Amino acid sequence: MVISGKELATEMKRQMAERVKELEGKYGRVPHLVVVLVGDDPGSVSYVTGKAKAAGELGMKSSTILKPSTISEEELLGIIEGLNRDREVDGILVQLPLPSHIDADKVIAAISKDKDVDGFHPLNVAALWLKQPCLLPCTPHGIIRILKHMGVEMAGKRAVVIGRSNIVGLPVAKLLLDENATVTIAHSKTKDLGSVTREADILVVAIGRPKFVTADMVKPGAVVIDVGVNRDPETGKLCGDVDFAACEPVSGMITKVPGGVGPMTITCLLENTLECFERNMAGK
Ligand code: GUN
């Protein structure tokens with residue numbers, strides 16, 4: 001069974017569009033997301049375009065600040081400071097990766113934690129690990145949403161996450177743990193990876209290598225969530241970290257790339273923007 005993240009995202013966006021209209025009536029303006037893009041990496045440009053398009057579909061306002069990759073760290077920090085102070089900006093997203101002369105950790109920490117729609121600020125990360133209210137990182141939250149929507153029981157199940165990034169691997173492992181799954185984090189140095197992944201009732205793959213997960217690595221009937229966005233070296237087409245054609249028959253449920261996790265990431269980003277707006281307008 002193929003899981004459509006796109007369908008769930010469409011339904012969530014429909015509901016959010018109604019909420020945006022209601023809030024516009026109440027407050028006289030709509031949520032405003034600002035995306036900062038440094039440089040012209042084609043992957044980043046396409047992500048940012050997708051985010052702006054989805055915001056527009058919901059009736060939200062989005063602005064993109066484009067800066068050349070030669071921008072200094074100081075100037076970038078100055079831009080963020082201005083956005084933090086601007087009362088009509090509800091969410092701030094700095095597209096990653098940043099050029100190597102800029103300290104990304106410093107930039108992320110400079111974003112107001114209340115406008116941090118990515119959930120990357122150290123205070124939001126700490127709150128996640130302490131199980132306190134916070135802005136959740138979008139891809140991990142989208143994955144949990146998909147699993148709940150599909151009625152996947154997580155409590156007591158073996159979940160294996162391949163990848164340990166701050167953006168996906170670590171936070172999704174924590175969210176699965178919060179759902180009472182028994183969680184293993186595997187990575188590029190894991191020995192005999194197949195023997196680990198074959199234990200997984202739920203397998204989340206975020207390693208960034210095209211078609212890395214093969215059919216022999218999947219437990220029959222497992223739920224497979226593919227976070228990868230790669231170019232297939234043979235066909236040049238978009239592909240995930242999972243060899244979909246080979247793994248689909250073995251799996252119980254599986255997401256596709258594109259149309260799987262990606263649309264839910266964007267939807268959760270817009271949900272965070274809406275939440276920031278509501279808190280901002282309520283003066284909290
Ligand atoms: N680059 C790749 N994924 C992401 C993301 O979720 N947020 C930001 N800001 N940059 C990214």
Side-chain angles (χ1 to χ4, degrees), residues 5 9 33-55 62-67 69 71 73 76-77 79-80 83-84 89-100 102-125 128 134-146 161 163-175 204-210 225-231 238 240-241 255 257-258 260-273 275-276:
L33 169 69
V34 178
V35 177
V36 181
L37 175 60
V38 177
D40 56 5
D41 170 70
S44 291
V45 171
S46 109
Y47 283 136
V48 166
T49 315
K51 287 164 188 168
K53 183 168 160 271
S62 82
S63 317
T64 306
I65 299 179
L66 294 172
K67 290 288 164 186
S69 56
I71 189 175
E73 184 179 283
L76 184 57
L77 291 171
I79 290 170
I80 289 166
L83 296 170
N84 285 342
V89 170
D90 304 292
I92 303 167
L93 180 149
V94 178
Q95 185 63 36
L96 302 176
L98 288 168
S100 56
I102 296 177
D103 181 345
D105 289 341
K106 202 166 163 184
V107 171
I108 290 166
I111 298 170
S112 159
K113 76 167 187 15
D114 299 317
K115 298 188 180 188
D116 169 37
V117 286
D118 262 326
F120 292 170
H121 190 284
L123 289 173
N124 280 318
V125 176
L128 165 69
C134 61
L135 288 160
L136 288 177
C138 307
T139 301
H141 193 198
I143 291 169
I144 298 295
R145 274 278 169 71
I146 288 174
V161 178
R164 52 179 157 175
S165 70
N166 291 339
I167 296 184
V168 183
L170 292 182
V172 81
K174 169 61 174 153
L175 292 178
V204 178
V205 193
I207 196 163
R209 295 203 211 154
I225 305 289
D226 188 352
V227 185
V229 182
N230 312 294
R231 288 269 161 220
L238 222 53
D241 290 350
T255 62
V257 178
V261 173
M264 282 302 292
T265 296
I266 294 187
T267 305
C268 289
L269 171 74
L270 298 173
E271 199 175 51
N272 279 349
T273 308
E275 190 182 322
C276 290

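Counting starts at 1 for both ligands and their atoms, in listed order. All values reported here derive from a predicted model rather than from experimental measurement.
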Is V94 close enough to touch ligand 1? Criterion: a residue heavy atom under 4.0 Å from a ligand atom. yes
Worked check of side-chain contact (heavy atoms from CB on, under 4.5 Å) between V35 and S62: CA-CA 8 Å; V35 177; S62 82; 5.9 Å; no
Just need the protein heavy atom nearest to atom 3 (N) of ligand 1, so name the residue and atom and give the distance. I167 CD1, 4.4 Å
Considering only protein heavy atoms, which is closest to atom 10 (N) of ligand 1, and at what distance to one decimal place? L96 N, 3.0 Å
Tested for side-chain contact (heavy atoms from CB on, under 4.5 Å) against D118, the lone hit among I92, L93, L135 is L93
Heavy-atom nearest neighbour in the protein, as seen from atom 11 (C) of ligand 1, with distance rounded to 0.1 Å: Q95 NE2, 3.3 Å
For atom 8 (C) of ligand 1, grab the closest protein heavy atom and report residue, atom and distance to one decimal in Å. D118 OD2, 3.4 Å
Between CG on residue L33 and NZ on residue K115, distance to nearest 0.5 Å: 11.5 Å
Output the list of atoms in ligand 1 that are nearer than 4.0 Å to some heavy atom of L93, sorted by atom number. 9 (N)
Measure the spacing between OG1 of T139 and CG of L175 and express it to the nearest 0.5 Å. 11.5 Å
Decide side-chain contact (heavy atoms from CB on, under 4.5 Å) for R231 and L238; before the verdict, give the C-alpha distance in whole Å, the side-chain angles of both, and the deciding distance to 0.1 Å. CA-CA 5 Å; R231 288 269 161 220; L238 222 53; 3.9 Å; yes
